[in-house]
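A short write-up of the structure that comes next.
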Amino acid sequence: MQYLAEGLRLPTNGLDYTILAIYFVVVLGIGFAARASVRTSLDFFLSGRSLPAWVTGLAFVAANLGATEILGMAATGAQYGVAVVHWYWIGAIPAMVFLGLVMMPFYYRSKVRSVPEFLLHRFDKSAHLLSSILFAFSAILIAGVNLYALSIVVEALLGWPQWVAIVVAGLFVLVYITIGGLSSAIYNEVLQFFVILAALIPLTLLGLKRVGGWDGLSGSLEEQHGANFMTAWGGTGIGDANPLGANWLTIILGLGFVLSFGYWTTNFAEVQRALSAKNLSAAQRTPLIAAFPKIFIVFVVMIPGLVAAVLVPKIGTPGSDLTYNDAIPLLMQELLPNGVLGIAVTGLLAAFMAGMAANVSSFNTVFTTDIWQRYVKKDQPDAYYLRFGRLITAVGVLASIGTAFIAAGFSNIMTYLQTLFSFFNVPLFVVFIIGMFWKRASMKSGVWGLLAGTTAAMVNYFVIYEQGIIDIPSDQGANFVSAIVGFVAGAVVMVAVTLFTAPKPEAELAGLVYGTKAPDSDEVPDEGDSAWYRKPALLGWGAIVLATLCYLPYSL
């Protein structure tokens with residue numbers, strides 16, 4: 001059955017609006033309840049480092065369940081097919097496990113309040129300041145993506161002009177973050193995680209039923225796009241053509257290593273949730289607990305995208321008003337009855353608010369503690385930084401409203417996000433990984449490696465790819481190559497600079513470089529419990545094995 005409806009307007013009624021209103025009341029209620037626990041800047045920015053692992057773990061995965069996950073991954077499924085599983089099983093799980101097992105002990109034991117602050121201790125002020133500025137800028141751009149995605153749903157729900165939807169949605173998120181700080185964002189993210197699943201599972205099941213189950217879906221898409229559209233690795237040989245426009249080498253190195261590790265291990269919007277955990281064990285388990293739902297979430301975002309490709313064959317085609325980003329709202333309009341539609345709309349709004357809140361809360365932390373407190377207004381009373389944190393939150397939301405209109409120019413917001421990650425997260429990752437495992441890496445190598453990696457990735461994308469100097473089949477393929485180029489350039493420059501500049505004194509590297517022991521101190525954070533079923537290694541390797549097994553049905 002072909003989708004023939006004109007325009008994108010959800011057929012909501014009073015029941016749907018009632019469900020939506022109840023959700024918004026609960027969200028604001030959580031914000032006001034969390035306000036009572038915000039007494040210091042540490043409470044506002046890191047929830048006082050007091051949260052249990054199951055809360056931070058669900059918040060960790062919910063913070064990623066924003067525009068990237070819902071609209072972006074469904075759009076990627078509609079555009080590239082089953083290859084979307086790469087973003088999960090090779091493009092997320094190994095990096096999440098690495099973060100939990102290897103990097104979180106460095107982050108948590110050093111008691112840093114942000115990812116850039118770690119670079120201050122490992123390298124110097126120049127690396128710290130540059131990374132802080134780059135992260136703050138990228139956080140606002142990514143928050144704008146979530147806000148734009150949120151406006152798509154509000155526009156379809158109420159018929160508001162896009163700019164009105166963007167402004168209203170942004171102001172609502174501003175209210176509950178400003179009131180309750182990170183605790184408000186995290187507890188809302190736990191709620192949002194379950195609301196999102198309640199929205200996506202019915203959409204997935206009804207979509208499969210409409211197209212004749214998995215066999216009917218596979219048959220239709222193979223007929224339209226070829227057999228490789230429904231396999232993970234089909235056609236990925238070097239020189240072969242496939243929907244993704246990338247070969248196995250760029251998928252493994254560009255996505256599976258550089259982009260994935262760059263995002264999951266250095267993106268403070270995610271790491272901040274783990275830093276708010278009550279002890280080291282809980283901090284390590286945060287990304288590991290999140291890894292298990294992450295393995296399976298791919299099915300409830302990929303399948304709706306594939307179904308949309310069958311029901312709306314003109315989606316994303318030249319001359320069509322429907323972009324790949326419209327896949328989820330189109331299916332909601334076509335498949336869901338009232339009541340269920342209200343839950344689905346609520347789930348989408350929850351997802352986009354979670355993604356935006358994660359980036360805005362990480363932005364206010366980095367801007368306040370790493371830029372303002374460190375370089376502009378030093379040694380002020382704690383109450384001053386708490387007030388400034390709330391003020392800069394408002395500035396961040398207003399800036400996100402502006403960057404939302406940039407995201408509106410991309411037919412697949414996942415492509416746009418991957419471009420941002422290749423520019424900002426990958427260079428940061430190479431500096432981290434070399435600094436963390438190579439004791440000799442000099443103080444000045446950090447800032448020059450970061451600068452070189454960012455510049456090289458941008459030059460590859462804007463000059464070499466967009467100007468057609470080298471033929472790369474797709475935007476996603478170009479992002480994978482840009483990530484590899486940025487990583488290699490950053491690493492080469494770090495090594496070269498290290499050879500000609502002084503290393504950091506070894507005494508100052510204690511606890512910051514792999515193989516060194518943290519200095520003995522009463523302030524070293526509590527390790528946490530050691531029950532066998534809570535061992536981070538057990539959780540981490542279990543997630544790796546499960547993700548590997550999931551590949552098998554799509555690799556034959």
Original post:
About how many Å separate OG1 of Thr204 and CG of Leu197, when rounded to the nearest 0.5 Å?
Top reply: 10.0 Å
**OP:** Using side chain to side chain donor-acceptor pair (under 3.5 Å) as the criterion, list what pairs up with Ser218, not counting sequence neighbours.
**Re:** Trp214
Original post:
So do Leu20 and Asp16 actually touch side chain to side chain, heavy atoms under 4.5 Å?
Top reply: no
Original post:
Is any side-chain heavy atom of Tyr80 closer than 4.5 Å to a side-chain heavy atom of Tyr324?
Top reply: no
Subject >> Plane angle bin for His225 and Phe229 - parallel if under 30°, tilted between 30 and 60°, otherwise perpendicular >> reply: parallel
**OP:** With side chain to side chain contact (heavy atoms under 4.5 Å, CB included) as the test, would you mind laying out the steps for Val298 and Met73 before giving the verdict?
**Re:** CA-CA 8 Å; Val298 62; Met73 285 302 181; over 6 Å; no
Original post:
Closest heavy-atom contact between Leu335 and Leu203?
Top reply: CD1-O, 4.4 Å
**OP:** Would you give the length of the straight line joining atom CD1 of Ile19 to atom CG of Leu341, rounded to the nearest 0.5 angstrom?
**Re:** 9.0 Å
**OP:** Would you check if Leu288 and Met96 make a side-chain contact, meaning some heavy-atom pair closer than 4.5 Å?
**Re:** no
Original post:
More than 12 heavy atoms of other residues, nucleotides or ligands under 6.0 Å from CZ of Phe299: is that the case?
Top reply: yes
**OP:** Show your working on ring pair (Phe, Tyr, Trp, His ring centres under 6.0 Å) between Phe257 and Phe487 and close with a plain yes or no.
**Re:** CA-CA 10 Å; Phe257 176 59; Phe487 183 90; 5.3 Å; yes
**OP:** Mark yes or no for whether Thr403, through its side chain, and Ile140, through its backbone, hold a donor-acceptor pair below 3.5 Å.
**Re:** yes
Original post:
Roughly how far apart are Leu306 CG and Ser220 OG, rounded to 0.5 Å?
Top reply: 11.0 Å
Subject >> Donor-acceptor contact below 3.5 Å, side chain Ser422 vs main chain Ala483 >> reply: no
**OP:** Grab the two heavy atoms, one from Ile484 and one from Thr250, that are nearest each other, plus how far apart they are.
**Re:** CD1-CA, 4.3 Å
Original post:
Is there any side chain to side chain donor-acceptor pair (under 3.5 Å) pair reaching into residues 296-308, and which pairs are they, with sequence neighbours excluded?
Top reply: none
**OP:** Evaluate the side-chain proximity of Ile70 to Leu200: yes if any heavy-atom separation is below 4.5 Å, no if none is.
**Re:** yes
Original post:
Do Phe424 and Phe135 have their ring centres less than 6.0 Å from each other?
Top reply: no
Original post:
Would you say the side chain of Met302 lies within less than 4.5 Å of the side chain of Tyr88, judging by non-hydrogen atoms?
Top reply: no
Original post:
At their closest point, which heavy atom of Gly144 faces which heavy atom of Ala407, and how far apart are they?
Top reply: O-CB, 4.4 Å
Original post:
Among pairs that include at least one residue of residues 294-309, which meet salt bridge (Lys or Arg N to Asp or Glu O under 4.0 Å), considering only residues two or more places apart or in two chains?
Top reply: Glu69-Lys294
Original post:
If you take all heavy atoms of Ala78 and Ala309, which pair is closest and at what distance?
Top reply: O-CB, 3.9 Å
Subject >> Spacing of Thr419 atom OG1 and Leu259 atom CG [to the nearest 0.5 Å] >> reply: 9.0 Å
**OP:** Tell me, please, which residues at least two apart from Phe292 pass side chain to side chain contact (heavy atoms under 4.5 Å, CB included).
**Re:** Leu539, Ala543, Leu546
**OP:** Compare every heavy atom of Phe193 with every heavy atom of Ala62, then report the nearest pair and how far apart it is.
**Re:** CB-CB, 4.1 Å
**OP:** Could you list the residues that satisfy side chain to side chain contact (heavy atoms under 4.5 Å, CB included) with Val164, not counting sequence neighbours?
**Re:** Trp160, Pro161, Val168
Subject >> Tyr551/His86 under side-chain hydrogen bond (donor to acceptor under 3.5 Å, both in side chains): CA gap, chis, key distance, verdict >> reply: CA-CA 9 Å; Tyr551 256 126; His86 293 312; 2.8 Å; yes
Original post:
Just wondering, do Asn479 and Leu255 contact through their side chains at under 4.5 Å, heavy atoms?
Top reply: no
Subject >> Exceeds 12 heavy-atom contacts within 6.0 angstrom, atom CH2 of Trp248 >> reply: no
Original post:
Are Tyr416 and Leu141 close enough, and set up right, to give a side chain to side chain contact (heavy atoms under 4.5 Å, CB included), and what steps lead you there?
Top reply: CA-CA 10 Å; Tyr416 174 51; Leu141 288 172; 3.8 Å; yes
**OP:** Please collect all salt bridge (Lys or Arg N to Asp or Glu O under 4.0 Å) contacts where either partner lies in residues 243-254, sequence neighbours excluded, each pair once.
**Re:** none
Original post:
Taking side chain as C-beta onward, heavy atoms only, is Pro94 less than 4.5 Å from Ile544?
Top reply: yes
Subject >> Criterion side chain to side chain contact (heavy atoms under 4.5 Å, CB included) against Trp264, the qualifying member of Phe60, Phe429, Phe98 >> reply: Phe60
**OP:** Might you point out which heavy atoms bring Leu15 and Gly339 nearest each other, and give the distance in Å?
**Re:** CD2-CA, 3.5 Å
Subject >> Between Thr56 and Thr286: side-chain donor-acceptor atoms closer than 3.5 Å >> reply: yes
Subject >> Worked check of side chain to side chain contact (heavy atoms under 4.5 Å, CB included) between Val307 and Leu331 >> reply: CA-CA 8 Å; Val307 171; Leu331 288 192; 4.0 Å; yes
Subject >> Point-to-point distance, once rounded to the nearest 0.5 Å, from CD1 of Ile252 to CG of Asn247 >> reply: 9.0 Å
Original post:
Does the side chain to side chain contact (heavy atoms under 4.5 Å, CB included) test come out yes or no for Leu221 and Gln224, once each step is laid out?
Top reply: CA-CA 5 Å; Leu221 290 175; Gln224 292 177 25; 4.3 Å; yes
Original post:
Which distance, rounded to the nearest 0.5 Å, do you find between the CG of Asn425 and the OH of Tyr263?
Top reply: 8.0 Å
Original post:
Taking atom types as modelled, is there a side-chain donor on Ser482 or Asn460 under 3.5 Å from an acceptor on the other?
Top reply: yes
Subject >> Sub-4.5 Å side-chain heavy-atom contact between Phe480 and Leu253 >> reply: no
